[in-house]
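A short write-up of the structure that comes next.
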Amino acid sequence: MATPTDVPTPALASSISVSDRAFRIFYALAAEMDRGWVRVSSVADQLEMTSHQIRLPLAELRDAGITTHERRYETGDTGRKTWHTYVRLVDDNAPEAAA
């Protein structure tokens, strides 16, 4: 049996320090990557947290350049217009990421 000589670097390397919650959010977003933009409330529900509990970890990921967010003025569940925040992982292949 051959011994591997290259050890892969983890996605969140030691140069990026994020909290445990931020890592859980990163993992949840990676699982939803094919969907593109994901509503923050659905990520919170998936992790059994409130949207307020994931606010700071999302900011950590955004500051590290791992995620981006977008706010949309939409009709909510009650039929009223309200702001909804969406988040997604940053696409490394995007032209603006290369600049």
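One finds the CG atom of Leu29 at 10.0 Å from the CD1 atom of Ile66 (value rounded to the nearest 0.5 Å). Atom-to-atom distance recorded for His84:NE2 and Asp77:CG is 6.5 Å, nearest 0.5 angstrom. Note: Leu58 CG to Thr68 OG1 = 11.0 Å, rounded to the nearest 0.5 Å.
Residues Leu47 and Ala28 approach most closely at CD2-CB, 4.2 Å, considering heavy atoms. The heavy-atom pair separating Gln53 from Arg21 by the smallest distance is O-NH1, 3.4 Å. Nearest heavy-atom pair, Tyr86 versus Arg39, reported as atom, atom and distance to 0.1 Å: CD2-N, 3.5 Å.
The environment of Glu70 atom CD is dense: over 12 non-hydrogen atoms of other residues, nucleotides or ligands sit within 6.0 angstrom.
In this structure, Arg80 and Thr82 have side chains that are not in contact, with every pair of non-hydrogen atoms separated by 4.5 Å or more. Here the side chains of Val38 and Arg88 are not in contact, with every heavy-atom distance at 4.5 Å or above. Contact check for Thr67 versus Phe26: no side-chain heavy atoms found under the 4.5 Å cut-off.
In terms of modelled atom types and a separation under 3.5 Å, the side chain of Glu60 and the main chain of Ser19 share a donor-acceptor contact.
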